[in-house]
Amino acid sequence: MTSALPPQFDPRSLEAKLYAWWADQGQFAPAAEGDPYVIMLPPPNVTAQLHMGHGLNQAIQDTLARFERMRGRATLWLPGTDHAGIATQNMVEKLVAKEGKTRFDLGREAFERRVWDYVGETGATILEQIRAIGSSCDWSRTYFTLDPDLSRAVREVFVRLFEKGLIYRGKYIINWCPRCLTALSNEEAEKVETDGRIWKLRYPIEGGGTIPVATTRPETILGDSGIAVHPDDPRYAGLIGRMVRVPVADRLVPIVADEAVDPEFGSGAVKVTPAHDPTDFEIGRRHQLEAIDVMADDATMAGPVPARFQGLDRFVARKQIVAEFEALGLVEGVDNHHHAVGHCYRCDTVVEPRLSDQWFVRMAPLAKPALAAYRDGRLKFIPERRGEEYAQWMEGIRDWCISRQLWWGHRIPVWYCEAPGCGAISASRTDLTACATCGGPARQDDDVLDTWFSSWLVPFSSLGWPDQTPDLARYYPGDVLVTAPEILFFWVARMVMAGCEFMGDIPFHTVYLHGTVRDTQHRKMSKSLGNGIDPLDVVGAYGADALRYTVIAGTAVGTDLILDHEDIEGSFAPGRNFANKLWNAGRFILGSLTEVPRPLAGTHPNVVRREELGLADRWIIARCDHAVREATAAYQKFRLNDAATAIYHFLWSELADWYIEQVKPRLSGDQPGGDVARAVLAATFDVALRLLHPIMPFITETLW
RNA sequence: GGGCGGUUAGCUCAGUUGGUUAGAGCGCUACGUUGACAUCGUAGAGGUCACAAGUUCGAAUCUUGUACCGCCCACCA
């Protein structure tokens, strides 16, 4: 029997002590000895509500953590939350709105206090819920991205990048959310495939004739400052340099030649709106066309637009402009048009590409080592194909817009000198009260940083960086990151970049991307669709172990988990039934042990001798050995569903259905071989419990 | 528009380098309940592995094409 078991299941090992410790504490094992193993918990929003995606995510991570711990590794699983700038601010603004106020009525400081109060009330909830489903994180190291320590890291990083010339400020076209009233990064503007319309319009040329253009956003016509055609397009060769009168806006603009225009598309002539489109912005810059911003922050028409459009919503203006073109007889046609439109990832509002003054991080230098880490095999993805998505993103990396027009977050540590003639701009680790250059009055930037600007540092900022702490020395770099694929770019890719830049090493060597939890129609579970399942309901009804087993066994590596929100009982029946079976088998086995069972191996004088074992005994021992090998191999390969299935099969079909039934006669009274059967039952059940413990910790702990 | 994944039993899904009768859970059928468990047991039905062609002694597995479904990326107005 001993030879059948890998060394980590030696009852005298650390694992056995851990069991005892667990029983006392019901908590994580302190990282004390052994090879460190580090898992980063993806930080949920402080205000997040637990959903089944968390359930799946936690079950996977906790299974890995417990497995590694039982192998004797000093396992650190770091929990924490992020402050979720936009989402949290939105929630508190809603509360404030119920009092008939806006954040501007309260003022910045009072509003920030309100958010802190709110976070103080709700912030721990998500972590408590995660705890309730059994996650054995190291709660003593729980972090929050706005904690002083992590904020210090944010400043350190900002200043370092600033001094290195990797942070810059400038006027560019960014994604603007007119509802959240802030700039967004490219990743935060989700492209949604939309069936829209494209209008084909004619602009009159000065001196006679018209030129056809196409647009999906007629409201931007008010900001047109040119028409562009391809330099080699014979249709328009004679028109380059001529002036065109933009209808409705009533503005004279030139026809310019630019390589960016695709002569094959539409009419081959494109209206140029430098203030509201990235391509147009580039064209405008090359030809000195004016960037005319025609919208206010809330995307109502404003600025140099005719009076009748002032204050109109952009979509109302769109209709009205089309109507005016029709009245002028300048509409050539309108077609259905399928294209991708950006939406705010927090409120789903259509984002407005808009010229704006923002802070950016130059990403190309940071991406280089992060891409190399993947290319040379140091960074692995599970499933593997996800690595190509990562590589593709890294190769096409674009600069990161990091400023947000919010109040909730890390305020940008930049001070502008207000002394006349100085104009110094300083980034500082400490708050400045005066200009670092001339000593004049200094004013801090009003904006805050993107939440991910703190999240991308978490693998080391949560361990005390920039100080060289013992934690940092021992636990960086970590091992594995388990998360949903949605935040591959938001968070995972950027953590790798930050790790390379500030720690000189990648923060983890394995990125495990699990699937998405969906309903039976394969729709993502979401609050708005009402198709979610609350993990706490499942825990309450069937237990955390049933939840964990069901989701672990139900999802192969990288595949989605389909659950039926209309049949929760049915969805979680596998786990519930298995927990029940295990419990009853345990009751029977423990009840049959009349005394301390004889050991199957070792030097004990009463050890079961090989020749005492019957055919059934030898068979179940062999099957047990097989299950250990199968499950251990599966755990190591992250094939948790295979591990779950292997243990399930051994426990249910082989041990319970077959062996227990087989030895029942021997167990009654004082039958010959009864003590051997008891010894085999105890030993094999013990092994099965340990094997299963990472997946079903509560019931196995209790039985053991 | 570019890249990628999926299509296997009524349902949800496994199937690890091509190799005997393709598996699991749930559901279904028949029978079974005095002692671990009906959240159970025993037995069983159910699949031309999306479709077409190809490679091979042999294909769910490899190649090509087709059709649906889905994901990621993208400044064709």
Side-chain angles (χ1 to χ4, degrees), chain A residues 173 186-187 190-191 193 198-201 212-218 220 224 227-228 230 260-273 276-283 337-340 342 353 383-393 395-396 398 485-486 488-489 513 515-516 518-524 542 546 549-550 553-564 567 569-592 633-634 637 639 641-642 644-646 648-649 652-653 656-658 660-661 664 667-668:
Chain A
I173 299 287
N186 293 320
E187 289 71 28
E190 288 182 342
K191 296 283 187 171
E193 304 251 343
I198 185 165
W199 285 268
K200 295 183 173 165
L201 308 170
V213 300
T215 183
T216 55
R217 296 187 291 149
T220 63
D224 283 358
I227 301 286
H230 194 274
V261 179
D262 176 5
E264 304 293 317
F265 187 87
S267 65
V270 55
K271 67 188 220 37
V272 183
T273 320
H276 290 279
D277 185 275
T279 310
D280 292 8
F281 177 72
E282 296 299 326
I283 296 174
H337 188 60
H338 191 74
H339 60 150
E384 276 181 36
R385 62 191 152 81
R386 293 286 182 181
E388 284 308 310
E389 279 176 31
Y390 168 92
Q392 214 174 56
W393 186 79
E395 280 164 358
R398 290 189 282 168
E486 292 99 83
L488 178 58
F489 306 133
L513 293 163
T516 306
R518 298 179 184 279
D519 69 9
T520 49
Q521 296 170 55
H522 292 205
R523 298 176 306 179
K524 195 171 167 176
Y542 315 115
Y549 178 82
T550 301
T555 174
V557 173
T559 62
D560 290 342
L561 174 66
I562 285 42
L563 294 170
D564 188 351
D567 182 16
E569 181 173 356
S571 292
F572 291 92
R576 182 197 57 172
N577 294 354
F578 186 39
N580 179 258
K581 186 71 181 181
L582 181 60
W583 182 252
N584 282 302
R587 264 198 333 178
F588 177 80
I589 291 170
L590 295 177
S592 71
K637 288 187 287 187
R639 301 180 63 101
N641 61 322
D642 284 351
T645 309
Y648 180 99
H649 182 251
W652 198 317
S653 306
D657 286 351
W658 203 86
I660 288 180
E661 295 306 324
K664 267 180 182 171
L667 296 175
S668 55

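Numbered from 1 within each chain, the chains take letters A, B, ... in sequence-line order. Just so we're clear, the structure is a prediction, and the values are computed from it rather than from any experiment.
Under a cut-off of 6.0 angstrom, the local environment of CD in A:Glu395 is crowded, with over 12 non-hydrogen atoms contributed by other residues, nucleotides or ligands.
Taking atom C1' in both B:U61 and B:G54, the straight-line distance is 15 Å, to the nearest Å. Nucleotides B:A59 and B:A52, compared at atom P, are 15 Å apart to the nearest Å.
The side chain of A:Ala340 lies closest to B:A74, out of B:A74, B:A77, B:C72.
In this structure, the CD atom of A:Glu486 is 11 Å from the P atom of B:C71, given to the nearest Å. Summarising the geometry, the separation between CG on A:Asp564 and C1' on B:G27 is reported as 13 Å, rounded to the nearest angstrom.
A:Ser571 and A:Asp564 are not linked by any side-chain donor-acceptor pair at a separation below 3.5 angstrom, with hydrogens and angles left out of the test.
Checked against side-chain contact (heavy atoms from CB on, under 4.5 Å), A:Thr216 has the following partners two or more places apart in sequence or in another chain: A:Ile198, A:His337, A:His339. By the side-chain contact (heavy atoms from CB on, under 4.5 Å) test, A:Arg385 pairs with A:Pro383, sequence neighbours left out.
Note on A:Thr273: nothing from the nucleic acid sits closer than 4.0 angstrom, heavy atoms only.
One finds a salt bridge joining A:Lys524 and A:Glu486 here, because a Lys/Arg side-chain nitrogen approaches an Asp/Glu carboxylate oxygen to under 4.0 Å.
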Secondary structure of RNA chain B per the Watson-Crick/G-U criterion (both distances under 3.5 Å; [ ] crossing, | other strand, . unpaired) is (((((((..((((.....[...)))).(((((.......))))).....(((((..]....))))))))))))....
